[in-house]
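Only one structure is covered here, and it is reproduced in the block below.
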Number of protein chains: 2
Amino acid sequence: MTTIKDVARAAGVSVSTVSHVLSGRRPISEPTRLRVLEAIERLGYRPNRLAQGLVSKSSRSLGLLVPDLANPFFGSMAEAMEIAAHDRGYSVILCNTNLDPKREADYLSMLLSRQVDGLLYFPGTRVPNRALLEAVAAGVPVVVVDERIDNLPGVFVDNFDGGRQLGRLLAQLGHRSLLFIGGPEGLPTVTDRLNGLRAGLAEGGSAPTNLLLRFGEYRASHGYETIHVCAREGVFAAVGDERPTAVVAANDMIALGALRALRELQLQVPRDCSLTGFDGVEFTAMITPSLTTVQQPSTRVATAAVELLLQRIESGENHRDRAAQRQQAHDDQAEVAPVIPHVVLPVTLVVRESVAPPPPQR
Amino acid sequence: MTTIKDVARAAGVSVSTVSHVLSGRRPISEPTRLRVLEAIERLGYRPNRLAQGLVSKSSRSLGLLVPDLANPFFGSMAEAMEIAAHDRGYSVILCNTNLDPKREADYLSMLLSRQVDGLLYFPGTRVPNRALLEAVAAGVPVVVVDERIDNLPGVFVDNFDGGRQLGRLLAQLGHRSLLFIGGPEGLPTVTDRLNGLRAGLAEGGSAPTNLLLRFGEYRASHGYETIHVCAREGVFAAVGDERPTAVVAANDMIALGALRALRELQLQVPRDCSLTGFDGVEFTAMITPSLTTVQQPSTRVATAAVELLLQRIESGENHRDRAAQRQQAHDDQAEVAPVIPHVVLPVTLVVRESVAPPPPQR
DNA sequence: TTGTAAGCGTTATCAA
DNA sequence: TTGATAACGCTTACAA
């Protein structure tokens with residue numbers, strides 16, 4: 001490996017000169033500059049970022065904790081975040097938490113060891129992970145993405161509004177009996193979407209006579225199995241207001257699984273039963289019937305998250321003497337309640353083939 | 001940040017003792033060990049991996065270059081690789097190449113700067129990237145995944161066989177006129193699948209009278225647009241052997257887009273036209289009609305790739321004095337042609353609803 | 001405009 | 001069984 005020393009020797013200058021040519025932090029005479037540049041080029045020199053990080057106390061890297069990359073929603077998000085980070089000169093260390101708090105803790109510790117400058121965190125589980133809170137306490141800037149965690153900065157969409165728009169649409173179509181297939185019970189996204197749904201149904205003029213709730217994982221298999229379980233329980237055999245005429249899935253993957261199961265039950269969507277998703281991933285436009293869903297501006301969410309994180313990193317908001325700073329602010333009587341920024345982005349209802357008025361009652 | 005020095009001071013020992021307690025590289029008396037451990041615990045000490053990397057000359061990290069994380073095929077692969085790497089103590093730096101050789105070069109240079117121990121590389125473009133070859137020449141171990149590149153170690157599936165199985169199936173069903181919607185022209189996966197298809201068709205008893213070829217990106221939009229373009233060109237209006245009765249898409253995403261377009265053209269799959277994909281991602285089982293496809297053992301591919309890479313890394317196969325070693329081997333008369341390992345994994349044909357015999361000729 | 005040298009947090013070599 | 005101390009490759013005072 002060729003080091004800065006080799007370059008210095010080859011160019012007949014000192015290492016600090018080489019360093020300064022590279023960083024531009026002090027003026028260098030043109031001839032020297034050229035000689036150094038030539039040597040760098042000739043030797044194929046590349047600064048060692050471990051060494052740079054050691055002295056600068058910044059690795060210029062971010063930890064990305066994501067629950068499930070096989071879900072294209074997370075895939076697109078991860079992609080957009082990595083690109084945004086790269087544009088700003090940061091690298092991304094990928095961590096697949098798989099909804100497992102132990103794995104999360106493990107990753108967090110590794111990321112701190114690696115001196116990441118910040119954390120992009122997709123919570124998969126309900127409670128903010130203990131290890132995450134420790135990391136925050138240790139002064140590592142964190143931005144929570146997708147879910148809302150009250151005491152941490154975050155970027156997410158207006159899930160309530162998305163639910164509400166779905167609710168209004170379904171109510172206006174005349175649906176009074178619904179099955180809501182949620183993600184993990186208690187997750188803010190799930191709760192907000194559900195509460196929005198309720199509000200929207202009311203606004204749309206129909207207090208639902210029947211709103212069945214199921215919770216589980218944010219996965220196709222959960223949608224699929226829930227429908228079959230419900231069918232076994234006779235939910236779809238009921239008559240009148242008991243029988244759900246619309247299935248509201250808490251995300252697109254669940255909807256995809258539900259769609260399959262409904263079809264296996266010979267229930268045609270939307271003729272016999274309407275179906276909606278949430279997220280607006282690409283395949284929703286492609287499948288048959290195309291899926292009515294709530295579109296998230298994923299790229300904007302992703303870039304906003306990276307922006308927010310870098311802003312916090314570069315403002316030194318993070319610094320280990322943060323506690324000290326806060327103390328000082330206190331002494332100055334200048335203490336303000338620390339503002340926890342929550343960036344909430346708007347969603348768009350996308351009405352497609354999968355919804356229709358309920359079938360005439362039997 | 002608490003450093004090894006702080007721990008040493010707190011425990012009343014030298015830094016080298018602390019280091020050795022942690023590494024276990026030399027015997028430590030039980031009392032000292034406990035005192036050190038206690039200090040570590042109490043101070044919340046975490047070794048700085050940048051510093052460790054600087055001296056050990058290994059960052060224990062891998063670069064992962066992937067073209068398109070929004071494609072769940074790559075998402076699952078990335079996930080499985082990251083998990084395998086993590087299990088072995090390596091971190092993964094995520095790089096989204098987006099099929100752009102410039103981006104690739106950029107990432108490669110960054111990864112070398114970061115002293116990654118190896119590279120997991122999904123080629124998106126035809127020619128092995130110049131920058132990649134330079135990295136290889138610089139002595140960084142690389143494993144190419146998914147595509148086959150002759151002079152580089154790789155892990156991929158038997159694409160020819162997958163194509164062949166599809167060909168046999170379609171031939172046996174009686175299809176003689178096909179439309180093949182490929183990925184990028186010239187990519188090994190595309191070529192191999194196509195050649196396999198041809199072989200399979202022949203074996204299945206029908207030399208195709210008509211095999212239309214289209215190439216483009218490995219994306220849903222490409223499948224979608226190709227079908228519409230073909231329709232505008234009258235391809236589906238032709239009669240007799242001219243009209244394709246089956247569409248073979250080079251991957252599942254293309255098939256998904258094609259399915260949508262066929263439906264918009266009022267061509268029902270499989271009644272009017274059969275359709276097949278490749279990869280076997282999750283959604284292929286869920287959509288309507290469910291997609292006949294070739295299933296890749298993605299997790300196995302991913303873990304095999306990581307295994308192979310780590311094996312090469314840890315065998316020192318990579319070492320910068322590789323050239324020197326090779327020279328030495330030469331002197332010893334022991335030179336063997338360097339074996340470039342290619343791990344080829346089997347695929348499975350999954351026959352689902354999207355294929356049927358061709359419609360009776362009009 | 002340039003060079004010298006201290007120091008970043010580790011590991012590893014040598015002594016004791 | 002332990003401790004000094006010299007690297008590792010870089011940045012950055014401080015000097016010249």
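Order of the sequence lines fixes the chain letters, A, B, ..., with proteins taken first and strands second; residue numbering starts at 1 for each chain. Predicted model only: the values in this text are computed from it and were never measured.
- Under the salt bridge (Lys or Arg N to Asp or Glu O under 4.0 Å) criterion, the residue pairs touching residues 127-136 of chain B are B/Arg130-B/Glu134, with sequence neighbours excluded.
- At least one donor-acceptor pair closer than 3.5 Å links the side chain of B/Asp6 to the backbone N or O of B/Thr3.
- Contacts between residues 28-44 of chain A and DNA chain C, defined by a heavy-atom separation below 4.0 Å, involve A/Ile28, A/Ser29, A/Thr32, listed by number.
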Using a cut-off of 4.0 Å between protein heavy atoms and nucleotide atoms, how would you tag nucleotides 5-15 of chain C 5' to 3' with B, S and -?
-> --BBBBSB-B-
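- Although no hydrogens or angles enter the test, the distance criterion places no donor-acceptor pair under 3.5 Å between the side chain of B/Glu82 and the main chain of A/Cys95.
- For residues 119-149 of chain A, every residue pair satisfying the ring pair (Phe, Tyr, Trp, His ring centres under 6.0 Å) rule, not counting sequence neighbours, is listed here: A/Phe74-A/Phe122.
- Between the side chains of A/Ser56 and A/Ser58, not a single donor N or O lies within less than 3.5 Å of an accepting N or O.
- Every pair passing ring pair (Phe, Tyr, Trp, His ring centres under 6.0 Å) that includes a residue from residues 81-106 of chain B is listed here, sequence neighbours excluded: A/Tyr107-B/His86.
- Residues A/Gln115 and B/Arg49 are not in side-chain contact: their nearest non-hydrogen atoms beyond the backbone lie 4.5 Å or more apart.
- For B/Thr17 and D/dG3, the shortest distance from a side-chain N or O to OP1 or OP2 is below 4.0 Å.
- In summary, the side chains of B/Ser14 and B/Thr17 do present a donor paired with an acceptor at a separation below 3.5 Å, with no hydrogens or angles considered.
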Give the dot-bracket string for DNA chain C, reading 5' to 3', where a pair is Watson-Crick or G-U wobble with both distances under 3.5 Å, ( ) marks pairs inside the strand, [ ] marks pairs crossing earlier ones, | marks a partner on another strand, and . marks unpaired.
-> ||||||||||||||||
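- With A/Asn129 as reference, A/Glu104 is the one residue of A/Glu104, A/Arg103, A/Lys102 to meet the side-chain hydrogen bond (donor to acceptor under 3.5 Å, both in side chains) rule.
- Between the side chains of B/His20 and B/Arg25, not a single donor N or O lies within less than 3.5 Å of an accepting N or O.
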